[in-house]
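Note that these values count all heavy atoms, side chains included, but never hydrogens, waters or copies made by symmetry. Since the structure is predicted, the reported quantities are computational estimates derived from the model, not experimental observations.
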Amino acid sequence: MTPAFEDILRKPDLDREEIKLLLSAEGDRMKALLRRALEVKLARLDNCVHLRGLIEYGNVCEKDCLYCGLRSGNGNVERYCLSDEEVLSCARLAHELGYGSVALQSGERSDPAFIAKIERLVREIKKIDGGSLGITLSLGEQSDDTYRRWFEAGAHRYLLRIESSTEELYYKIHPRNGKHSFQKRIACLESLKRIGWQTGTGVMVGLPFQTQDHLADDLLFFKRMDVAMVGLGPYIPHPDTPLYRLRDLVPPAAERMDMTLRMIAVLRLMMPEINMVAATANQTVDPQGREKAIAAGANVIMPNLTPGEYRESYFIYPDKACVKDRPDQCRSCLDIRLAAIGHRIQYNAWGDSLAFTKKAKG
Ligand code: 5AD
Ligand code: SF4
Ligand code: FES
């Protein structure tokens with residue numbers, strides 16, 4: 001290890017060249033990077049992992065992202081939408097399991113019935129045990145007015161991945177068919193922040209045509225947008241999607257995993273107090289993927305609470321983890337897996353982003 005490399009690991013502000021150097025670290029250098037990121041996380045955030053019980057509300061989607069199994073053009077999906085009672089019983093289960101927060105995720109819809117139903121559900125979830133559950137929404141691009149309605153109903157965190165912060169790459173993975181706009185997505189992130197949401201974004205790692213320059217720019221984008229949360233995960237080719245044809249341009253699973261870990265670690269150095277999700281997709285490319293992501297600097301896990309009969313229909317990418325496991329099994333599984341790497345779950349707390357709460361206090 002050169003002293004110069006060690007110095008970069010301790011710099012408060014990393015420039016693009018330094019980020020690229022860290023993203024290309026292998027062997028001992030990569031180990032040093034992950035070790036440093038873990039040290040920074042433990043110093044700022046302790047060894048706590050926050051849970052968000054994931055409720056996959058529905059797989060109807062208006063969009064046509066070229067990588068995702070839920071795209072509207074995929075005719076091989078049985079579409080579903082949970083009833084109010086199904087969503088609320090998932091939320092009650094989250095509360096009983098001590099998860100502290102739920103995340104409601106769905107394919108993108110903007111019809112008035114959907115918007116009203118989500119608003120109603122947020123209000124109902126807030127009634128459980130006097131508002132004890134935190135609510136994250138991940139429901140795509142919406143109007144200012146919709147974002148405001150859902151926020152006023154009581155949800156307070158919103159995840160909207162930019163997928164790639166390079167406009168050119170964005171349009172290689174989203175069709176230019178009038179339904180997808182890079183500028184609109186950025187405008188949505190800005191609107192969420194303006195309204196007061198704890199705002200999160202993220203990208204997929206290992207996309208066809210994606211370079212280290214793109215990934216370095218993604219990290220700088222997160223920093224520039226000053227987001228409170230980030231979700232990063234490996235891209236997983238899905239056979240029923242157009243991007244599958246380019247699967248020969250996708251790096252092997254082990255490389256996607258390592259690049260994801262380096263991205264998490266570098267971002268932890270750059271933004272020490274944000275929340276970062278150890279995405280479930282990590283576990284698809286590596287059985288220990290989520291724990292590795294936690295050990296590289298992530299601090300949030302989203303265990304699945306979707307009722308068993310719908311899980312296989314929420315087929316964003318193949319071989320999703322835990323599809324056949326019951327929520328109580330995931331809970332004890334996570335306890336054990338996290339204890340094995342010296343972490344612990346913080347039960348019965350919202351687990352907000354420290355970066356956000358500090359700023360809110362001024
Ligand atoms: N592989 C990995 N992640 C994917 N997503 C969608 N399709 C895939 C895929 N094939 C991610 C996107 C989206 C989130 C809901 O799932 O980043 O924002
Ligand atoms: Fe729909 Fe989201 Fe999948 Fe795109 S990534 S097709 S918006 S569910
Ligand atoms: Fe679901 Fe391990 S977390 S079985």
Side-chain angles (χ1 to χ4, degrees), residues 19-20 22-26 30 33-34 37 54 56 65-71 103 105 138 159-166 169-170 172-174 200-219 221-222 229-268 275-304 314-323 337 341:
I19 292 172
K20 280 172 61 182
L22 296 181
L23 290 181
S24 61
E26 287 184 19
M30 177 167 162
L33 165 64
L34 302 191
L54 177 63
E56 293 157 335
C65 306
L66 299 174
Y67 44 84
C68 174
L70 304 191
R71 65 197 304 272
Q105 201 179 72
S138 179
L159 290 173
L160 180 66
R161 286 190 179 182
I162 186 78
E163 315 296 359
S164 168
S165 66
T166 303
L169 181 55
Y170 186 89
K172 285 198 158 79
I173 60 172
H174 299 96
T201 190
V203 295
M204 285 176 287
V205 177
L207 290 163
F209 309 113
Q210 192 179 46
T211 63
Q212 234 167 59
D213 285 273
H214 293 135
L215 292 168
D217 286 339
D218 290 337
L219 297 179
F221 172 82
F222 303 150
M229 320 179 288
V230 168
L232 286 170
Y235 162 61
I236 299 162
H238 185 311
D240 294 335
T241 62
L243 211 60
Y244 194 70
R245 274 184 240 124
L246 300 180
R247 62 191 177 284
D248 290 345
L249 301 180
V250 175
E255 264 177 52
R256 275 176 283 152
M257 183 74 227
D258 281 354
M259 187 51 95
T260 301
L261 295 176
R262 287 190 290 255
M263 286 284 284
I264 291 173
V266 177
L267 188 59
R268 181 55 74 201
N275 274 352
M276 245 193 281
V277 187
T280 310
N282 286 307
Q283 213 181 334
T284 301
V285 293
D286 181 329
Q288 253 97 54
R290 279 180 309 180
E291 295 94 296
K292 286 185 180 172
I294 294 289
N299 67 328
V300 173
I301 289 184
M302 298 170 66
N304 200 333
Y314 204 81
F315 191 34
I316 296 184
Y317 53 81
D319 303 319
K320 238 171 68 178
C322 301
V323 165
R337 284 171 182 248
I341 54 163

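The distance from atom CZ of Arg337 to atom CD1 of Ile301, rounded to the nearest 0.5 Å, is 9.0 Å. Atom CG in Leu261 sits 8.0 Å away from atom CG in Asp286 (nearest 0.5 Å). For the atom pair Met30 CE and Ser24 OG, the distance stands at 11.5 Å (nearest 0.5 Å). For the atom pair Thr280 OG1 and Asp319 CG, the distance stands at 13.5 Å (nearest 0.5 Å). The distance from atom CD of Gln283 to atom NZ of Lys320, rounded to the nearest 0.5 Å, is 12.0 Å. The line from NZ of Lys292 to CD1 of Ile341 is 11.5 Å long, rounded to the nearest 0.5 Å.
Contact detail for Arg262 and Leu22: the closest heavy-atom pair is CD-O, 3.6 Å. Between Asn282 and Leu232 the shortest heavy-atom distance is ND2-O, 4.2 Å. Nearest heavy-atom pair across Gly233 and Ala279 is CA-CB, 4.3 Å. Taking every heavy atom of both residues into account, Ala278 and Ala293 meet most closely at CB-CB, 3.7 Å. Residues Ala296 and Leu34 come closest through the heavy atom pair CB-CD2, 4.0 Å. Pairing each heavy atom of Thr284 with each of Pro318, the nearest pair is CG2-O, 3.5 Å.
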Exercise. Please report the C-alpha distance between Asn304 and Tyr314 in whole Å, then the side-chain angles of each, then the deciding distance to 0.1 Å, and finally whether the side-chain contact (heavy atoms from CB on, under 4.5 Å) criterion is met.
Key: CA-CA 11 Å; Asn304 200 333; Tyr314 204 81; over 6 Å; no

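Using a 4.5 Å heavy-atom cutoff, the side chains of Cys65 and Glu163 are not in contact. Side chains of Val230 and Leu267 form a contact here, defined as non-hydrogen atoms less than 4.5 Å apart. Residues Met263 and Leu23 form a side-chain contact, since some pair of their non-hydrogen atoms from C-beta on lies under 4.5 Å apart. Proximity of Leu207 to Ile173: side-chain heavy atoms (C-beta onward) are separated by under 4.5 Å at one or more points. Inter-residue side-chain proximity for Lys20 and Asp213 is flagged as met; some heavy-atom pair is nearer than 4.5 Å. Here the side chains of Leu246 and Lys172 are not in contact, with every heavy-atom distance at 4.5 Å or above. Two residues are said to be in side-chain contact when any heavy atoms from C-beta on lie closer than 4.5 Å; Val203 and Phe222 meet this criterion. In this structure the side chain of Arg290 reaches within 4.5 angstrom of the side chain of Cys322, judged on heavy atoms.
At distances below 3.5 Å, not a single donor-acceptor pair connects side-chain atoms of Thr166 with backbone N or O atoms of His214. Proximity of a side-chain donor or acceptor of Asp218 to a complementary backbone N or O of Ser164 within less than 3.5 Å is not detected. Between the Thr241 side chain and the Cys68 main chain, no donor and acceptor come within less than 3.5 Å of each other. A distance-only check finds no donor-acceptor pair linking the side chain of Asn299 to the backbone of Asn275 [under 3.5 Å]. Between the side chain of Gln210 and the main chain of Met204, a donor-acceptor pair closer than 3.5 Å is present.
Between His238 and Phe315, the ring centre distance stays below 6.0 Å.
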Could you list the donor-acceptor pairs under 3.5 angstrom formed between side-chain atoms of residues 247-256 and any protein atom two or more places apart in sequence or on another chain?
| unit_1 | atom_1 | unit_2 | atom_2 | d |
| --- | --- | --- | --- | --- |
| Arg247 | NH1 | Tyr244 | O | 3.0 |
| Arg256 | NE | Pro251 | O | 2.8 |
| Arg256 | NH1 | Tyr235 | O | 2.5 |

